[in-house]
Structure formats: C-alpha cells, structure tokens
Amino acid sequence: MPTFSVRPSPQLRGQVTIPGDKSISHRAVIFNALAEGTARIENFLPGADCLSTIACMRALGVEVTRDEQFVTVQGVGLRGLGEPGDVLDCGNSGTTLRLLSGLLAGMPLFAVLSGDASLRSRPQRRIVAPLRALGAQIDGRADADRAPLAVRGATLHGGSYELPIASAQVKSALLLAALSGDDSLRLTGKIASRDHTERMLQAMGIDLQVRPDQIVLHPPTHPVFPYPLSLRVPGDPSSAAFWWVAAAIHPDAEITTLGVGLNPTRTGALDVLQAMGAAITIANRRNEGSEPVGDVTVRSSQLRGTIIGGEIIPRLIDEIPILALAATCAQGDTLIRDAQELRAKETDRIATVAAGLDALGAVVEPTNDGMGITGRSGPALRGAALHSHGDHRLAMTWAVAGLVAAGETTIDDPECAVVSYPGFWEELAVITR
Ligand code: S3P
C-alpha cells in the first residue's frame with residue numbers, strides 16, 4: 001500500500017471495538033516478567049511497538065507466547081533476566097527503550113538498546129541523567145542523549161528526584177530502576193502523567209505510595225513480584241480519539257467506541273471535545289482490572305474553538321494531532337500551548353501537524369510550544385497529498401481529515417499506523433460503508 005486515498009464519505013456509522021491500550025500492553029509484558037508464575041494478558045495490543053517489547057523481553061530470556069486470545073508471560077523474577085546476545089531492537093517505541101533502560105540499569109548484565117531512525121533521533125538524557133543519579137552506568141551517542149544506549153548494570157541507590165517534565169516514560173524508567181535499588185526512591189515534581197505503572201505495580205504487590213505531590217517506591221525485599229497480574233487490557237483512548245473526532249467533525253455521523261480505557265490520566269481529549277461542544281455520551285462504565293472502562297459514543301457536532309494548555313497537556317499529549325484537526329472544523333480560534341513535548345515525539349508534531357493542516361488549507365500558526373488554529377471562519381479543508389513521515393498518529397489524523405476535506409486526500413506510508421493501531425484501515429472501510 002504505497003499511498004492510501006480517502007474521499008469524504010456521505011455518512012459515518014458504526015461500533016468500533018478499540019484495540020488494547022499501548023501503554024498498558026507494554027507494561028503488562030515487562031512487569032509480569034518480574035513476577036513468579038504465569039500471567040495471561042487478554043486484548044494485548046499486537047501493534048508494532050508492543051511486539052518490539054515482546055521481542056526484547058524474549059531476548060532477555062523471558063518466555064512470552066501469543067495465541068488468538070492471550071499473550072502469556074512466564075515470570076523469571078527480578079534476578080532472572082539474562083544478558084541479551086545482541087542489540088535490543090526497540091523499533092519505533094520510546095516506551096520500550098526508556099522503560100527497559102531503567103529496568104536493566106540495576107541488573108547484572110550489559111545491554112545495548114536501539115531502534116529505528118525516529119527513535120534514534122529522540123532525546124534520552126531525560127532518562128539517562130536521573131538514572132545516573134541513582135548510580136546507573138549508561139552511555140550513548142550525543143553525550144548520552146541519543147540511542148543506541150549502552151547499559152552496564154550497576155548497584156543502584158535510592159534517593160529523591162524531582163521530575164522536570166511530565167513524562168510517564170521517565171517516571172516509569174525510574175520506578176523500574178528503583179526496584180533493584182538498595183533504598184527507597186521518592187519522586188516529586190511533575191509526577192502527574194499517565195499512572196498505569198503505579199496502578200499495575202501496586203496490583204502486583206509492590207510497596208508503592210502515591211500522593212498528589214510524591215510517589216515513593218520501597219524496593220521489594222524478595223527478588224520477585226509478589227503476584228503476577230493477569231488482566232484484560234482496556235481499549236486505548238488514544239486510538240479511540242480518531243473515531244471521536246471523525247464523528248464530531250463529520251456532518252452525518254454516529255460512532256460508538258467500545259471498551260475504551262477511561263483512566264482520568266488519559267481522558268483529556270474527551271474533556272476538550274466536551275468543552276468544544278461535542279455530543280458525547282458514555283455508557284456501560286465498569287472497571288477492568290485496575291482501570292476504568294466504558295463505551296463512548298460521539299455524534300456530529302458543531303464544535304467551538306478552545307484553549308488547550310497547562311495541566312491538561314499530559315492527559316492528551318498523544319491526541320493533540322487529531323484535536324488540532326478538530327480545531328480546524330470548529331467555530332472560532334483554538335490555541336494549543338505548553339505542549340513543547342510534541343517536539344520530542346515520533347516526529348516533531350508541532351512542525352508536522354502544522355505542515356499537514358496547512359496543506360489541507362487550514363490557517364495554522366506553529367509556536368514554540370504548540371500552535372494557533374483559525375476555525376471554520378477560515379477556508380474549509382480541501383483534499384491534499386499528505387505525509388505521515390512514518391508517524392502512526394499523523395497517518396491516522398490525515399485519514400480522518402480525508403473524511404471531511406473536499407476532493408481526494410492521499411496519505412503516504414499508511415502502514416505506519418500498525419505501530420499503535422493494526423486494523424485501522426480496515427475499520428475505516430467499515431465505518432464509511
Ligand atoms: C507513554 C508515555 C507518553 C506517550 C507515549 C506512551 C507511556 O510519553 O506520549 O505514547 O506508555 O508511558 P512521555 O512519557 O514521553 O510523555
């Protein structure tokens with residue numbers, strides 16, 4: 001599929017079962033490797049990123065098997081990981097590289113972690129500096145700011161660290177390192193980011209205290225997690241968001257996304273869409289494992305411009321490309337600010353999103369930490385030849401744009417959607433039928 005072509009569809013209708021959450025799928029495999037016993041993970045996301053995590057865990061000697069329904073992990077405990085015989089290939093996945101760097105920093109082994117060109121261009125000092133402060137021996141290109149990263153396992157200590165950026169990957173890398181430390185670790189500062197690591201470690205019996213201003217982890221005295229965690233992974237709200245926005249901006253649409261994770265650290269996009277006037281209903285709220293879940297229905301809506309900034313940013317960081325598209329179809333202007341982290345994602349998403357929206361005829365002004373978007377008083381979107389730049393969330397954002405932009409929209413490298421949403425293009429065909 002060299003390019004994918006999308007045209008406006010007269011209507012969008014359907015129910016979409018949302019594939020498993022990417023963040024939780026990674027963690028379910030990594031954490032269960034550290035427990036004693038067998039864990040069965042249902043609705044694991046078979047996206048390329050999570051398959052990179054499985055491949056890395058296997059290279060560390062963990063038995064991970066997959067069948068139609070389950071991924072099964074045979075725990076080896078904190079001292080059971082083996083030295084990998086080759087570079088750990090994390091593919092496109094920042095979560096794999098950063099969480100495993102933290103985990104391996106305190107293990108008696110040597111490992112090199114690398115990935116594709118996008119991952120090798122992303123900043124890593126954010127994990128290397130605090131891990132070194134705990135005693136880790138890590139080096140890498142560009143003064144240890146770029147992968148490949150070389151980790152030589154060392155004796156780690158506890159201590160305190162004030163997180164300067166709200167990043168769940170950095171927070172999780174430190175918590176994983178602290179598991180093999182000789183003293184407790186206290187994290188303060190910007191700890192408010194997705195909290196799947198905290199929830200799952202607690203459910204597995206790790207002594208982890210979470211308060212609004214600090215997280216404290218006491219390393220386990222016994223080198224295995226007390227309990228394996230079998231779970232059903234909730235649908236990924238970051239994947240559901242494409243359908244939410246498609247339905248909200250399309251003139252004749254109603255889409256229900258089934259089984260979506262509603263963890264409050266992940267639902268910023270729902271809050272913003274609601275504030276923009278989207279017609280949203282949430283039904284069948286329930287808990288699955290340690291996470292809240294529900295079915296979210298969105299109908300055609302007249303959206304209003306808004307301001308997206310401040311504390312909500314970590315709760316919707318991955319949804320900003322699709323929210324920016326929503327803003328081009330709203331009445332009135334939208335300002336996205338405090339989102340400089342977008343520049344450190346799979347692509348510089350301030351530059352790539354602004355360029356794509358501009359090609360669609362929207363009026364967008366990129367800034368250092370976000371962008372300003374002129375709403376529908378500006379020109380309506382027109383189809384264009386758009387670039388995904390190998391970034392899964394861009395490819396899917398441009399597909400949704402094609403559903404409302406006049407004429408034909410083409411997207412190059414559409415296969416990259418498989419990083420987080422295998423089956424996206426097939427689902428698009430069903431919704432537009
Ligand atoms: C993730 C955390 C976020 C997010 C990424 C997944 C995670 O990154 O953008 O897609 O699973 O911890 P940061 O921690 O860098 O904000």
Side-chain angles (χ1 to χ4, degrees), residues 19-31 44-45 47-50 52-53 56 90-103 115 118-119 121-131 145 147 163-177 187 189-201 215 233-234 236-242 261 263 265-269 291 311-323 338-350 352-353 369 391-397 416-417 419-421:
D21 188 279
K22 182 156 77 74
S23 295
I24 297 174
S25 295
H26 285 297
R27 287 161 172 78
V29 171
I30 297 172
F31 299 176
F44 178 87
L45 174 69
D49 270 11
C50 301
S52 294
T53 288
C56 289
C90 305
N92 191 241
S93 174
T95 307
T96 309
L97 184 125
R98 292 182 177 138
L99 268 58
L100 290 186
S101 298
L103 175 66
S118 157
L119 186 57
S121 73
R122 295 175 67 184
Q124 305 303 341
R125 194 169 294 125
R126 55 183 55 205
I127 56 161
V128 171
L131 287 172
D145 195 31
L163 290 170
I165 44 174
S167 161
Q169 292 176 355
V170 175
K171 177 173 65 175
S172 302
L174 290 170
L175 292 173
L176 287 174
L187 298 179
K190 297 196 174 172
I191 57 172
S193 55
R194 66 192 67 196
D195 65 358
H196 309 299
T197 294
E198 295 91 306
R199 286 174 187 245
M200 293 169 80
L201 290 182
I215 300 171
V233 179
D236 196 325
S238 300
S239 298
F242 296 105
N263 177 317
T265 63
R266 298 290 301 282
T267 49
E291 300 279 346
E311 291 187 351
I312 202 168
I313 293 294
R315 298 178 53 229
L316 48 66
I317 188 73
D318 291 341
E319 291 71 77
I320 290 180
I322 192 69
L323 289 173
D338 308 316
Q340 52 274 48
E341 270 298 296
L342 290 174
R343 297 203 183 272
K345 295 296 175 187
E346 286 82 333
T347 56
D348 172 346
R349 286 184 179 156
I350 293 179
T352 52
V353 168
D369 66 350
D391 183 333
H392 53 128
R393 299 205 196 278
L394 284 189
M396 293 185 274
T397 297
C416 66
V419 160
S420 63
Y421 201 150

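Computation of the quantities below employed the complete heavy-atom set of this structure, encompassing side-chain atoms and omitting hydrogens, waters and symmetry-equivalent molecules. For this chain, numbers begin at 1 and follow the sequence in order. Ligands are counted one by one from 1 in listed order, and the atoms in each one are counted from 1 as well. Owing to the predicted nature of the structure, the values given are computational and were not obtained by experimental measurement.
Numbered from 1 in the order shown, with element, the atoms of ligand 1 that lie under 4.0 Å from a heavy atom of Thr95 read 1 (C), 6 (C), 7 (C), 11 (O).
In this structure, a donor-acceptor pair under 3.5 Å is absent between the side chains of His196 and Ser23. The closest side-chain donor-acceptor pair between Ser172 and Arg27 falls under 3.5 angstrom.
Remark: the backbone N or O of Gln340 is not paired with any side-chain donor or acceptor of Asp369 at under 3.5 angstrom. Asp145 contributes a side-chain N or O that, together with a main-chain N or O of Gln124, makes up a donor-acceptor pair within less than 3.5 Å.
With contacts defined as side-chain heavy-atom distances shorter than 4.5 Å, the pair Pro237/Asp21 qualifies.
From the protein, the heavy atom lying nearest to atom 16 (O) of ligand 1 is Lys345 NZ, 3.3 Å. Considering only non-hydrogen protein atoms, atom 12 (O) of ligand 1 sits nearest to Arg27 NH2, 2.7 Å. Looking at atom 1 (C) of ligand 1, its nearest protein heavy atom turns out to be Gln169 NE2, 3.6 Å. When hydrogens are left out, the protein atom nearest atom 10 (O) of ligand 1 is Asp318 OD2, 2.8 Å; that is the closest non-hydrogen contact. Closest to atom 11 (O) of ligand 1 among all protein heavy atoms lies Ser23 OG, 2.7 Å.
Of the listed options Arg349, Arg266, Glu346, Arg194, Arg194 places a heavy atom closest to atom 2 (C) of ligand 1.
Shown here are the side-chain hydrogen bond (donor to acceptor under 3.5 Å, both in side chains) partners of Thr347, two or more places apart in sequence or in another chain: Thr352, Asp391.
Of the N or O atoms in Arg393, none lie within a sub-3.5 Å distance of an N or O in ligand 1. In terms of polar-atom proximity, Ala168 is counted as a contact of ligand 1, with an N or O under 3.5 Å from an N or O of the ligand.
The only member of Arg266, Arg315, Glu341, Lys171 that meets side chain to side chain contact (heavy atoms under 4.5 Å, CB included) when paired with Ser193 is Lys171.
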